[in-house]
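All remarks here apply to the structure that follows.
No experiment lies behind these values; they were computed from the predicted model shown.
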Amino acid sequence: MGTQRFLGLTAAALAAGALLAGCGGGKEGSAGNIPTATVPGGQPPAEASDPPASEGTGGAAGSAPRVSSPVDAEKVTGDVCATLSSAKVSELGLTDPTPRDSSTGPTCNWNFTEGATNRLDISAQAKNPNGLSDIYDQKDEFAYFEELEVGGYPAVYADITDARSSGDCSLYVGLNDQFAVRVSSTLSSGPDESRPCPVVEKAAEAMIDTVKGG
């Protein structure tokens with residue numbers, strides 16, 4: 001299984017490189033240019049018996065910490081742009097959302113009202129059948145991997161390139177044991193460009209509050 005996931009990561013990284021070659025502007029490694037197919041484990045599982053993410057609220061223990069208060073994946077995959085309420089969007093200083101599709105599931109992005117090129121993305125990792133454990137299982141493939149807890153949910157900062165000093169930060173949050181969400185930033189200006197991870201963590205907390213009805 002590890003080999004299969006590694007091949008999926010390699011193929012995704014090559015695909016991301018091809019996309020970068022065909023796009024103008026943006027920073028290499030930014031959430032704006034590299035699709036969420038770069039997520040390890042993002043390829044469809046080989047075993048047909050794996051449960052869909054929307055059904056996962058428990059299941060067998062994986063390498064990631066267990067989720068004690070699971071959230072139904074449908075609350076994210078049904079409308080990713082609704083994972084931040086209008087009040088949270090205003091609080092975070094974001095513009096209206098833009099939905100898009102990625103190879104790992106539905107995605108939504110917002111621009112910041114201050115700095116039109118600054119962007120926040122929330123991506124459902126719907127094709128990772130083991131949720132946050134798929135990220136943990138390939139932590140050696142990441143340029144950085146830092147565990148934390150966000151709003152009572154297990155999470156990890158991780159990405160295949162480390163561009164945190166130039167505005168890019170990627171955070172995965174396990175909402176149930178078979179489903180994770182990626183929250184990422186692309187900040188090319190402003191005071192948070194050199195420290196984007198607190199911005200991403202705050203957005204992840206707002207996302208959790210919204211999907212839990214808080």
On a heavy-atom basis, the closest approach of Ser188 and Asn118 is N-OD1, 2.7 Å

Quick check: closest heavy atoms across Pro154 and Arg66, and the distance to 0.1 Å? CG-O, 4.2 Å

Could you pull out the closest heavy-atom pair between Ile208 and Val173, with the gap in Å? CD1-CG1, 4.0 Å

A side-chain contact here means heavy atoms from C-beta on lying under 4.5 Å apart; do Pro99 and Val80 qualify? no

Please give me the minimum heavy-atom distance between Ala203 and Leu92, naming the atom from each residue. CA-CD1, 4.0 Å

Any side-chain donor-acceptor pair under 3.5 Å between Ser184 and Ser170? no

Sub-3.5 Å donor-acceptor pair from the side chain of Asn128 to the main-chain atoms of Asn130, do we have one? no

Testing the basics here: between Ser185 and Gly167, what is the closest heavy-atom pair and its distance to 0.1 Å? OG-O, 3.0 Å

Evaluate the side-chain proximity of Thr161 to Phe142: yes if any heavy-atom separation is below 4.5 Å, no if none is. no

Aromatic plane relationship, Phe145 with Tyr136 - under 30° parallel, 30 to 60° tilted, over 60° perpendicular: perpendicular

Do Thr95 and Asn111 have a side chain donor and acceptor closer than 3.5 Å? no

For a 4.5 angstrom cut-off between non-hydrogen side-chain atoms, does Gln125 reach Ser123? yes

Checking the side chain of Ser90 only, and the main-chain atoms of Ala87 only, is there a donor and an acceptor separated by less than 3.5 Å? no

Between the CG atom in Asp192 and the CG atom in Leu187, the distance rounded to the nearest 0.5 Å is 6.5 Å

Ser63 versus Ser133: any side-chain heavy-atom pair under 4.5 Å? yes

Are Tyr144 and Lys139 close enough that a side-chain donor and a side-chain acceptor fall under 3.5 Å? no

Is a side-chain N or O of Ser85 found less than 3.5 angstrom from the main chain of Thr210, in a donor-acceptor match? no

Does this structure show an ion pair linking Asp121 with Arg100, if we count only N-O contacts that are shorter than 4.0 Å? yes

Distance check, rounded to the nearest 0.5 Å: Lys212 atom NZ versus Met207 atom CE? 11.5 Å

About how many Å separate CG of Leu94 and CG of Asn109, when rounded to the nearest 0.5 Å? 10.5 Å

Side chains of Asp96 and Trp110: closer than 4.5 Å at any heavy-atom pair? no

With a cut-off of 6.0 Å (strictly less than), are more than 12 heavy atoms of other residues, nucleotides or ligands near CD of Glu91? yes

OH (Tyr153) and OG (Ser69) are apart, to the nearest 0.5 Å, by 5.0 Å

When rounded to the nearest 0.5 angstrom, what distance separates CD in Glu205 from CG in Leu171? 9.5 Å

Ala124 and Phe179 have their tightest heavy-atom pair at CB-CZ, 3.9 Å

Check this for me, if you would: do Arg182 and Asp159 make a salt bridge, where the nitrogen-to-carboxylate-oxygen distance has to be below 4.0 angstrom? yes

Measuring from Lys202:NZ to Leu120:CG, what's the distance to the nearest 0.5 Å? 12.0 Å

Apply side-chain hydrogen bond (donor to acceptor under 3.5 Å, both in side chains) to residues Glu201 and Tyr157 and explain how you reach the verdict. CA-CA 9 Å; Glu201 184 175 346; Tyr157 288 117; 3.0 Å; yes

